[in-house]
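Here the structure comes first, spelled out in structure tokens, and everything after it is commentary.
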Amino acid sequence: KFEDLLGKAEKIVTELESGDMDLAKSISQYQDGLKALKKCYELLKSVEGKIQVLRLDDDGNATLEPFQSDAGDAGS
């Protein structure tokens, strides 16, 4: 679930920022955080393809268009 993965990543960031872990544990946690964020990104990309935007033209006619993110492919 997206919220669970994001929560896991946030918890890992907090733990890493505390500086209370040894290097091996920090690296392991960092890798786990990257995996969680990658999965979040994949989930968002899959949902993005299902979203449509309602647009009105100058005459007031409504059309549905595919959603296009302004974020680009920063995670690729």
Worksheet, complete the sentence: Rounded to the nearest 0.5 Å, the CE atom of Met21 sits from the CD1 atom of Ile27 at a distance of 11.0 Å

Practice prompt. Considering non-hydrogen atoms only, spot the tightest contact between Ser46 and Leu43 and give its length.
Written response: OG-O, 2.8 Å

Worksheet entry | Pairwise distance CD1(Ile12) to NZ(Lys35) - rounded to 0.5 angstrom | 10.0 Å

Item to complete: Indicate the atoms forming the closest heavy-atom contact of Ala9 with Ala36, along with that distance.
Response: CB-CB, 4.4 Å

Discussion item. My understanding is that only residues two or more places apart in sequence, or in another chain, count here; which of them pass side-chain contact (heavy atoms from CB on, under 4.5 Å) with Tyr30?
Written reply: Leu16, Leu34

Worksheet item: Can you tell me how far CG of Leu54 sits from OG1 of Thr63, rounded to the nearest 0.5 angstrom?
Response: 7.0 Å

Item to complete: Determine whether Leu6 and Val13 fall in the same hydrophobic cluster, where Ile, Leu, Val, Met, Phe, Trp and Tyr are linked whenever their side-chain heavy atoms lie under 4.5 Å apart.
Response: no

Worksheet item: Given side chains that start at C-beta, do those of Lys45 and Glu48 come closer than 4.5 Å, heavy atoms only?
Response: yes

Worksheet entry | side-chain hydrogen bond (donor to acceptor under 3.5 Å, both in side chains): pairs with one or both residues in residues 8-17, sequence neighbours excluded | Lys11-Glu15, Glu15-Gln29

Response to the item:
Residues Phe2 and Leu44: closest non-hydrogen pair is CE1-CG, 3.7 Å

Discussion item. Looking at Asp59 and Asn61, would you say the former's side chain and the latter's main chain have a donor-acceptor pair under 3.5 Å?
Written reply: no

